[in-house]
Amino acid sequence: MNALDIISKTKKSVPLTDEEIRFLVNGFTSGDIPDYQMSAWLMAVCLNGLTESETASLTIAMRDSGDILDLGCIDRITVDKHSTGGVGDKITLISGAIVASCGVAVPKMSGRGLGHTGGTIDKLESIKGYRTNLSFTEFTDIVNQTGFSVISQTGTLCPADKKIYALRNASGTVDSIPLICASIMSKKLAVNADCLLLDVKCGSGAFMKTRRDAEKLASLMEKTAQSAGKKCRAVITDMDSPLGFCIGNSLEVKEAVELLQGKSKGRLYDISIQISADMLELAGIGNITECTELAEKAVSSGSALSVLKETIRLHGGDCSICDDTDKLPKAKYSHTIYAPRDVEILSVNAEKIGMASLLLGAGRITKDEPIDYTAGIVLDFSTGDKISMDAPLMTLYSNCVSDFSETALLAYNAINFKTLTGNVLT
Ligand code: URA
């Protein structure tokens, strides 16, 4: 077996055997297969795709490149959740607390944000003192106490994905559905919860821009989980516009806490309840109607908020933010954009808002860059709202940017609105 023959087979769309895929993954991870050969193979995959069976083999070989967690010490059924990434997506904070308060454990390893999409670890690190780099024992202890913990992924999990993802970024081979599937699923299978809910985002702010691609990825991930014997469901949710009103790390924690305080309903609440109910149903708690009712009650009774508060406390974070969100760190500078005339909001482009938020300091362009936890954008409207001239449209926040001219223009241009005439506004 050699790498050149394997590249040549994929170049001609001849399916690889399980052994050939394992040879490639193991050889690249150990350094025996050089970057240039792996890049050539990744490009062949990008252009020709992989079969479902090849994708499953690739995923499992990548999973097996590092540790596979043994969550047997957690005394309840475990459910993991993964979002393919979006703008304003704070659902993990909300659904993790809801599901845990309904008796199902949510042990979660998450990543940091990259580009215009955010990451749960950054959001949690915006809470003063919150530690994301706990040992495995500390992690499972917290899960056993509150049902919910989120830590950053350890380096011993899926080293193959770490190396392959870095190469994909440098070789223009990120946008391949089988490679995205293998990258996400190898990490999720290594975490090894009893069941897995996948939230595949679709729209301008997501990896998958079209419904067709989102459906392809969702179906491939479900089939890959099935091949690995994992109970899994994928749902597709909209990411054409940002999720909720807040984009940026501490701003999103504030919005998540306020939702769990019962202060807000709307699209973010509806999707959070839907995802929580799917997680509970997958864990065998009841049918979808029963699970939806349980999830709603967890918010209205305050039990989900109590779980989040105790989880933050056990992670060393300032849990008083769950009683008073004003205690979250705040930006030094802000800038409000007002409606130039009477308008109706037709849509908001999630990717452009995400980019504006990134430029304010809330995100990073390259891995490991520092970020400004207080930076971001708060929208004052929902799609379909009518806004009077001179009423606020949104406010931009930052600790590191005091001249908002560039970011304000980018954020303003993300809004697609129609000018209203006459007495349309009431
Ligand atoms: N997220 C991942 O972890 N991997 C990908 O390839 C894309 C998104």
Side-chain angles (χ1 to χ4, degrees), residues 21 25 28-29 38-39 41-47 49-50 54-56 58-63 65-66 80-87 89 91-92 108-123 150-193 196-210 213-214 216-222 224-225 228 230 232 234 236-237 239 350-351 354 358 363-368:
I21 290 177
V25 170
F28 178 61
T29 310
M38 194 63 177
S39 312
W41 183 75
L42 290 168
M43 186 55 81
V45 173
C46 252
L47 299 175
L50 290 177
E54 286 178 293
T55 307
L58 177 64
T59 306
I60 291 166
M62 285 164 66
R63 175 200 67 183
S65 68
D80 194 2
K81 167 210 174 258
H82 181 80
S83 156
T84 57
V87 178
D89 183 2
I91 289 184
T92 290
K108 184 145 170 52
M109 289 201 177
S110 277
R112 292 176 197 284
L114 192 60
H116 69 277
T117 63
T120 304
I121 290 298
D122 295 324
K123 298 184 214 296
V150 186
I151 59 168
S152 46
Q153 193 183 304
T154 62
T156 55
L157 218 74
C158 283
D161 177 62
K162 201 165 178 204
K163 249 189 120 174
I164 294 172
Y165 199 43
L167 195 58
R168 283 168 61 207
N169 259 324
S171 61
T173 53
V174 170
D175 60 340
S176 147
I177 288 177
L179 295 179
I180 293 173
C181 170
S183 167
I184 293 172
M185 292 304 291
S186 57
K187 289 176 285 209
K188 293 286 115 187
L189 293 176
V191 170
N192 204 14
L196 172 62
L197 195 277
L198 300 165
D199 179 10
V200 179
K201 298 290 183 200
C202 168
S204 73
F207 254 110
M208 298 295 117
K209 304 286 181 211
T210 65
D213 279 350
K216 264 200 224 166
L217 179 62
S219 158
L220 189 61
M221 290 201 289
E222 281 184 335
T224 304
K230 186 66 65 194
C232 169
I236 297 173
T237 60
M239 190 36 77
E351 184 170 16
L358 183 155
R364 53 176 76 75
I365 295 170
T366 57
K367 238 167 96 319
D368 304 325

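Read the numbers this way: they start at 1 and go in the same order the structure lists the ligands and their atoms. If you read the sequence from its start, that first residue is 1, and numbering goes on from there.
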Inset, instruction - Return yes if some donor-acceptor pair links the side-chain N/O of Lys163 with the main-chain N/O of Phe28 below 3.5 Å, else return no. - result: yes
Inset, instruction - Verify whether one side chain among Asp161 and Ser186 offers a donor that lies under 3.5 Å from an acceptor in the other. - result: no
Atom pairs and distances, ligand 1 N/O vs protein N/O under 3.5 Å:
residue	atom	partner	partner atom	Å
ligand 1	3 (O)	Ser183	OG	3.4
ligand 1	3 (O)	Lys187	NZ	2.5
ligand 1	4 (N)	Ser183	OG	2.6
ligand 1	6 (O)	Arg168	NH1	2.8
ligand 1	6 (O)	Arg168	NH2	2.9
ligand 1	6 (O)	Ser183	OG	3.4

Legend entry - Distance-only donor-acceptor check, side chains Lys209 and Ser204, under 3.5 Å: no
Inset, instruction - State, with a plain yes or no, whether a side-chain heavy atom of Ile60 is found less than 4.5 Å away from one of Met185. - result: no
Legend entry - Thr173 and Ser39, any side-chain heavy atoms less than 4.5 Å apart: no
Legend entry - Main-chain N/O of Lys201 paired with Asp199 side-chain donor or acceptor, under 3.5 Å: no
